[in-house]
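Written below as structure tokens is the structure these notes are about.
What you see below is based on every heavy atom in this structure, not just the backbone, and it leaves out hydrogens, waters and symmetry mates.
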Amino acid sequence: MSQSPAIFNMPHSMKKKIITALVAVVIGHVGVLWAISHMKPIKLKPIEKKPLKVRILTIKEDVPPPPPPAKIEPVKPKVKPKPIEKKIEPVLVEKPKIISQKVQKVEPKAILQDDTQEKLKKLQDLEKQRLDQLKHEQELKEQQAKNEAEQRRNEENRRNEENRRNEENRNKSKEISAGDIAWRKKPNLSEDRVRFFFKPEDGLKIVSLKISSDGTGKVTDIKVTKSSGNKKFDDYVIKQTYAAKFAEFKESGVVVPFVVNQDFSFSVR
């Protein structure tokens, strides 16, 4: 069984594309051949060559130079040797020794001046300067001690005045309403703990407290103005209120102690 070529098994659109490509290649080759046939040949310019000029040179062989003329040495006349002269050594004559005498110079004696008074005056001046320095240092120490004592007195007076004002402020606590102050840390009163003191049938229970604070938020004193009817429950509320803390209370930028009446209501479900 023979197999057909692959080109015949292709779809019609693929065959059309291949045929179109072949036709385009053929047309391109034909165009290139036509362009080559219509190209004009390039004319090359002839090259002009100049004739070569030749110069013939004759080479002469090297002739050695003539030898230099011989030097004629002059004849030296004979010189007779000089006779040796005997040297006569001179006789040394000892000269008499002359003893030189040194003349002692007489230096003029310095006239000693009596400078005792001047030295005494210098010592007195030095002693006076030393005493003045000591006096000045002593005055500085006394002035410094006086200033420190004055500063301590002022500081003590300031502290006493501050303590007096604080005491007056504590004694003159400002009475405010519950809406004028906020709790920074509320009393921790849990409903589970309240069940130990009351029963559901007891209904609503109210405890009224008069709370004093130093102004910074710390609770300093608590008084019961209205009891809930159960002493143990009142003590429980007071204990939790002491552990609580108010927000700081100020007037014109100054911390002011205050007293506030606070009601606490409870009911057991």
Side-chain angles (χ1 to χ4, degrees), residues 130-269:
R130 188 181 68 82
L131 293 175
D132 291 342
Q133 184 68 21
L134 290 175
K135 184 179 179 181
H136 181 65
E137 291 178 358
Q138 186 66 25
E139 289 177 353
L140 289 177
K141 289 180 181 179
E142 291 177 357
Q143 184 65 31
Q144 185 176 1
K146 189 184 295 184
N147 293 338
E148 290 177 357
E150 184 68 22
Q151 187 176 0
R152 285 195 298 269
R153 283 195 298 271
N154 293 336
E155 184 67 20
E156 187 176 358
N157 293 335
R158 187 186 64 79
R159 285 198 301 267
N160 294 336
E161 182 66 20
E162 186 176 355
N163 293 334
R164 185 183 63 78
R165 290 180 180 178
N166 292 336
E167 187 66 25
E168 289 179 356
N169 291 333
R170 281 194 294 269
N171 296 332
K172 296 179 181 179
S173 298
K174 185 175 181 180
E175 189 169 352
I176 61 175
S177 62
D180 296 333
I181 192 66
W183 289 100
R184 182 180 296 174
K185 179 184 176 183
K186 292 183 178 182
N188 186 15
L189 302 172
S190 64
E191 187 176 352
D192 294 336
R193 190 65 184 274
V194 176
R195 293 179 185 274
F196 289 99
F197 305 102
F198 299 108
K199 297 179 181 179
E201 55 267 26
D202 292 336
L204 182 66
K205 296 294 180 181
I206 299 175
V207 179
S208 298
L209 301 179
K210 187 176 183 180
I211 307 170
S212 299
S213 174
D214 59 356
T216 62
K218 182 180 178 181
V219 178
T220 57
D221 187 37
I222 299 174
K223 293 180 180 180
V224 178
T225 58
K226 184 179 179 181
S227 176
S228 64
N230 190 326
K231 181 69 168 55
K232 292 183 178 181
F233 177 73
D234 295 344
D235 294 338
Y236 168 70
V237 174
I238 292 171
K239 181 180 178 181
Q240 296 300 321
T241 305
Y242 268 116
K245 195 171 184 180
F246 286 104
E248 195 176 50
F249 183 75
K250 288 184 178 181
E251 282 187 352
S252 301
V254 180
V255 176
V256 179
F258 62 89
V259 176
V260 61
N261 292 315
Q262 187 77 36
D263 295 334
F264 298 92
S265 58
F266 303 91
S267 61
V268 180
R269 301 175 193 177

Might you point out which heavy atoms bring [X] and [Y] nearest each other, and give the distance in Å?
| X | Y | result |
| --- | --- | --- |
| Lys218 | Ser213 | O-OG, 2.8 Å |
| Ile222 | Ile238 | CD1-O, 3.7 Å |
| Ala244 | Pro187 | CB-N, 3.6 Å |
| Leu204 | Ser265 | CD1-CB, 4.0 Å |

Non-hydrogen side-chain atoms of [X] and [Y] separated by less than 4.5 Å:
| X | Y | value |
| --- | --- | --- |
| Asp221 | Ile211 | no |
| Ile176 | Val259 | no |
| Phe198 | Phe266 | no |
| Ile206 | Phe264 | no |

Gln144 atom CD: more than 12 heavy-atom contacts under 6.0 Å: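 12 or below, so no.
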From CA spacing to verdict: side chain to side chain contact (heavy atoms under 4.5 Å, CB included), Phe249, Val255: CA-CA 6 Å; Phe249 183 75; Val255 176; over 6 Å; no
Enter the distance from [X]:[atom1] to [Y]:[atom2] here, rounded to the nearest 0.5 Å.
| X | Y | atom1 | atom2 | answer |
| --- | --- | --- | --- | --- |
| Glu148 | Gln143 | CD | CD | 11.0 Å |
| Gln151 | Arg158 | CD | CZ | 11.0 Å |
| Arg153 | Asn160 | CZ | CG | 13.5 Å |
| Asn188 | Arg193 | CG | CZ | 10.0 Å |

Residues Glu156, Arg152; criterion salt bridge (charged side-chain N to carboxylate O under 4.0 Å, His left out); working and verdict: CA-CA 6 Å; Glu156 187 176 358; Arg152 285 195 298 269; over 6 Å; no
Full working for side chain to side chain contact (heavy atoms under 4.5 Å, CB included) between Leu189 and Val194: CA-CA 8 Å; Leu189 302 172; Val194 176; 5.6 Å; no
Residue pairs passing the side chain to side chain donor-acceptor pair (under 3.5 Å) test where at least one lies in residues 240-263, sequence neighbours excluded: Lys174-Glu251, Ser208-Asp263
Residue pairs, two or more places apart or on separate chains, that pass side chain to side chain donor-acceptor pair (under 3.5 Å) and touch residues 225-235: Ser227-Asp234, Ser228-Asp234, Lys231-Asp235
Flag, side chain of Asn154 to backbone of Glu150, donor-acceptor distance under 3.5 Å: yes
Exam field: side chain Thr220 to backbone Ser212, donor-acceptor pair closer than 3.5 Å: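 Yes; judged by distance alone, with no hydrogens or angles, the pair exists.
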Ring-ring centroid check Phe246 Phe258, cutoff 6.0 Å: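 Yes, the ring of Phe246 comes within the 6.0 Å limit of the ring of Phe258, centre to centre.
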Verdict with reasoning, Glu161 to Asn157, per side-chain hydrogen bond (donor to acceptor under 3.5 Å, both in side chains): CA-CA 6 Å; Glu161 182 66 20; Asn157 293 335; over 6 Å; no
Pair Ser190-Asp192, side-chain hydrogen bond (donor to acceptor under 3.5 Å, both in side chains): steps then yes or no: CA-CA 5 Å; Ser190 64; Asp192 294 336; 5.7 Å; no
